[in-house]
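All remarks here apply to the structure that follows.
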Amino acid sequence: MRVRDQRGSGLVEVVWMSIILLLPLLWIVLSVFEVQRGSFGVSGAARAAARAYALAPNDVAGERRAEAVARQALADQGLTDVPVRVTVTCTPYPHSCHSGTSVITVRVDSAVTLPLLPDVFAGGAPTFRLSADHSVPIGRYQEIEGSRR
């Protein structure tokens, strides 16, 4: 009976175990970075959209500006092909945000696609949903007529 030499098989096992363990770890790290980038982008988009809405002359222009600014803020983070939904609410005047002492709250909803994962059962690539809110009082960014000397 012939005995097989076991020299070198430990090295092969270590290499295979490293590959098996490191690939999921690499995916987790890349996914966390992608979600963090998206989170930072959505937060900045909400802040910029709230300011743009407050600076607009009326509610209709404010909604258009908030949407455009939110998309631009996300594009600045490299998130160009992501879904974006901008929702504006106001208190205490829900129908006219640019009156009195309204407080504008802008919510930006988006999602990022997790890297290195294929389309799962034809349901689309796996995504991670993100959202951020930012509130700003309307008077903070408006000039009051006759306030200049």
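Judged by distance alone, the side chain of His134 and the main-chain N or O of Ala49 form no donor-acceptor pair under 3.5 Å. Side chain of Ser110 to main chain of Pro83: a donor-acceptor pair is present (N/O by atom type, distance under 3.5 Å, no hydrogens or angles). In this structure, the side chain of Ser18 engages the main chain of Val14 through a donor-acceptor pair within 3.5 Å.
Atom CD of Glu63 and atom CD of Glu67 lie 9.5 Å apart (nearest 0.5 Å). How far OH of Tyr53 is from CZ of Arg65: 11.5 Å, rounded to the nearest 0.5 Å. Atom CG of Leu21 is separated from atom CG of Leu26 by 13.0 Å, given to the nearest 0.5 angstrom. Atoms CG and CE, from Leu22 and Met17 in turn, are 10.5 Å apart once rounded to the nearest 0.5 Å. A distance of 9.5 Å separates CG in Asp109 from CG in Leu130, rounded to the nearest 0.5 Å. With values rounded to the nearest 0.5 angstrom, Cys97 atom SG is found 5.5 Å from Ile104 atom CD1.
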* Asked: Can Leu79 and Arg37 be said to form a side chain to side chain contact (heavy atoms under 4.5 Å, CB included), step by step?
  -> CA-CA 9 Å; Leu79 302 168; Arg37 179 174 70 144; 3.8 Å; yes

* To do: Run the numbers on Leu23 and Trp27 for side chain to side chain contact (heavy atoms under 4.5 Å, CB included), then give the verdict.
  => CA-CA 6 Å; Leu23 286 179; Trp27 178 80; over 6 Å; no

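When each of Thr91, Val136, Ile138, Asp59 is paired with Ser102, the side chain to side chain contact (heavy atoms under 4.5 Å, CB included) condition holds for Ile138 and for no other.
The cluster map of Ile, Leu, Val, Met, Phe, Trp and Tyr, joined by side-chain heavy atoms under 4.5 Å apart, puts Leu74 and Val112 in the same cluster.
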